[in-house]
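Bear in mind the structure is a predicted one, so any value in this text is a computation, not a measurement. Quick note: numbers below take in every heavy atom, side chains included, and nothing from hydrogens, waters or symmetry partners.
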Amino acid sequence: QVQLVESGGGLVQAGGSLRLSCAASGSALTTNAMGWYRLAPGSQRQLVASITRGGTTKYGDAMKGRFTISRDNARNQVYLQMNSLKPEDTAVYYCAAAPILYAVAPANSYWGQGTQVTVSS
């Protein structure tokens with residue numbers, strides 16, 4: 001069983017920054033890949049970024065160059081630094097963990113409760 005606890009969402013003006021954190025408990029295999037997905041009203045869930053224990057990263061196209069994912073394997077935590085935020089980044093951001101994460105989260109993923117990110121124009 002994996003538990004994911006997120007923190008760091010909030011309200012920010014366009015152009016601002018936020019940092020999300022996610023703390024995980026669970027096996028090394030289950031948390032090999034950790035990452036963030038987001039869900040905005042009227043949209044499908046979208047991969048924001050993922051990172052493996054070995055440091056391999058993936059980013060959604062809309063996030064490249066603005067968002068940076070990192071992790072602390074010793075603490076089993078993952079972080080998402082979001083810069084140059086835009087109103088279209090407004091969504092609920094969910095932390096996820098699985099052996100592998102794809103653009104579409106696999107069925108065996110574990111999820112956090114979600115944290116709201118709102119970017120005002």
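- When all heavy atoms of Pro99 and Asn32 are compared, the pair lying nearest together is O-ND2, 2.8 Å.
- Side-chain atoms of Thr90 come within 3.5 Å of backbone N or O of Val119 as a donor-acceptor pair.
- Side-chain atoms of Ser17 and Met82, non-hydrogen and from C-beta on, never get closer than 4.5 Å to each other.
- Taking 4.5 Å as the limit, some side-chain heavy atom of Met34 sits within range of a side-chain heavy atom of Leu4.
- Within the model, atoms CE of Met63 and CG of Asn83 stand 14.0 Å from one another, a figure rounded to the nearest 0.5 Å.
- Residues passing the side chain to side chain donor-acceptor pair (under 3.5 Å) test with Glu88: none are found, sequence neighbours excluded.
- Rounded to the nearest 0.5 angstrom, Cys22 SG and Tyr93 OH are separated by 15.0 Å.
- Here the CG atom belonging to Asp61 is positioned 9.0 Å from the CD atom belonging to Gln46, to the nearest 0.5 angstrom.
- Checking side-chain atoms of Asp72 against main-chain N and O of Gln77 turns up no donor-acceptor pair under 3.5 Å.
- Counting only distance, with no hydrogens or angles, the side chain of Arg75 and the backbone of Arg71 share no donor-acceptor pair below 3.5 Å.
- Looking at heavy atoms from C-beta onward, Leu85 lies in side-chain contact with Phe67 at the 4.5 angstrom threshold.
- No side-chain heavy atom of Tyr94 sits less than 4.5 Å from a side-chain heavy atom of Arg38.
- Side-chain N or O atoms of Arg66 include one that pairs as donor or acceptor with a backbone N or O of Ser84 at under 3.5 Å.
- One side chain, Asn76 or Arg53, offers a donor N or O that lies under 3.5 Å from an acceptor on the other.
- Scanning all heavy atoms of the two residues, the minimum distance from Tyr102 to Tyr37 falls at O-OH, 2.5 Å.
- With Lys58 contributing its side chain and Leu101 its backbone, the two residues share a donor-acceptor pair below 3.5 Å.
- Within the 4.5 Å cutoff, the side chain of Leu18 has heavy atoms near those of the Val117 side chain.
- Looking at Leu47 and Trp36, their side chains never come closer than 4.5 Å, going by heavy atoms from C-beta outward.
- Looking at heavy atoms from C-beta onward, Val12 lies out of side-chain contact with Thr118 at the 4.5 angstrom threshold.
- Side-chain contact between Ile51 and Thr56: absent, with no pair of heavy atoms (C-beta onward) separated by less than 4.5 Å.
- Thr30 is linked by a side chain to side chain donor-acceptor pair (under 3.5 Å) to Ser27, counting only residues two or more places apart in sequence or in another chain.
- Distance alone, capped at 3.5 Å, is enough to place a donor-acceptor pair between the Glu6 side chain and the Gln113 backbone.
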